[in-house]
Amino acid sequence: MNSKEMEEAIEKYKPQIVITNEQKNDYPATEAILKIQNSKELYKPKFIIVSAYPDIWVKCRNRGIDAEVIIKPYDEEKIIEKIKYIIQD
């Protein structure tokens, strides 16, 4: 799924949490997330970004992106931990 398809799926299904890989075929997931989070009209789920690039934390914080980050490689427990954290928030 590319970023545009992700945006469309979010509007259609309105999930509570979206787990996405940063690298997409069209443009980075962080671009789509920033667009969604800055919009007054779009539905805003919580995001978990999965990336092999450790500097993704810095990119998110510098751009004001509100998302949890998981660095590859990771195990299932990391994702479960992040989901639990988001649900408790």
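In plain terms, the two heavy atoms of S3 and A32 that are nearest each other are CB-CB, 4.1 Å. Contact between D66 and Q37 at its shortest, heavy atoms only, is O-NE2, 2.7 Å.
Clustering of Ile, Leu, Val, Met, Phe, Trp and Tyr side chains at separations under 4.5 Å leaves I80 isolated, with no partner residue.
D26 is linked by a side-chain hydrogen bond (donor to acceptor under 3.5 Å, both in side chains) to nothing, counting only residues two or more places apart in sequence or in another chain. In this structure Y74 satisfies the side-chain hydrogen bond (donor to acceptor under 3.5 Å, both in side chains) test with no other residue, sequence neighbours excluded. Judged as a salt bridge (charged side-chain N to carboxylate O under 4.0 Å, His left out), and not counting sequence neighbours, the contacts of K35 are E7. Residues passing the side-chain hydrogen bond (donor to acceptor under 3.5 Å, both in side chains) test with K72 are N21, sequence neighbours excluded. Partners of E8 according to the salt bridge (charged side-chain N to carboxylate O under 4.0 Å, His left out) rule, which considers only residues two or more places apart in sequence or in another chain, do not exist here.
Looking only at side-chain heavy atoms (C-beta outward), I10 and F47 come within less than 4.5 Å of each other.
Linking Ile, Leu, Val, Met, Phe, Trp and Tyr residues whenever their side-chain heavy atoms come within less than 4.5 Å places I49 and L34 in a single cluster. Connection of I79 to I86 is established within a shared hydrophobic cluster, with ILVMFWY side chains joined at heavy-atom distances below 4.5 Å, either directly or through further cluster members.
Atom OH of Y27 has more than 12 neighbouring heavy atoms from other residues, nucleotides or ligands inside a 6.0 Å radius.
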Could you pull out all donor-acceptor pairs under 3.5 Å where a side-chain atom in residues 11-20 meets a protein atom, sequence neighbours excluded?
residue : atom : partner : partner atom : Å
E11     : OE2  : Y43     : N            : 2.7
K14     : NZ   : E11     : O            : 2.8
T20     : OG1  : K24     : NZ           : 3.0

Show the atom names and distances, to 0.1 Å, of all donor-acceptor pairs under 3.5 Å that link a side chain in residues 54-61 to residues at least two apart or in another chain.
residue : atom : partner : partner atom : Å
K59     : NZ   : E22     : OE2          : 2.9
K59     : NZ   : T30     : OG1          : 3.3
R61     : NH1  : I65     : O            : 3.0
R61     : NH2  : A67     : O            : 3.1

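Residue pairs meeting the salt bridge (charged side-chain N to carboxylate O under 4.0 Å, His left out) criterion with at least one member in residues 38-47, sequence neighbours excluded: K46-D89.
Here CZ of R63 is found 9.0 Å from CG of N38. Values are rounded to the nearest 0.5 Å. Distance check: M6 CE to I36 CD1 gives 5.0 Å after rounding to the nearest 0.5 Å.
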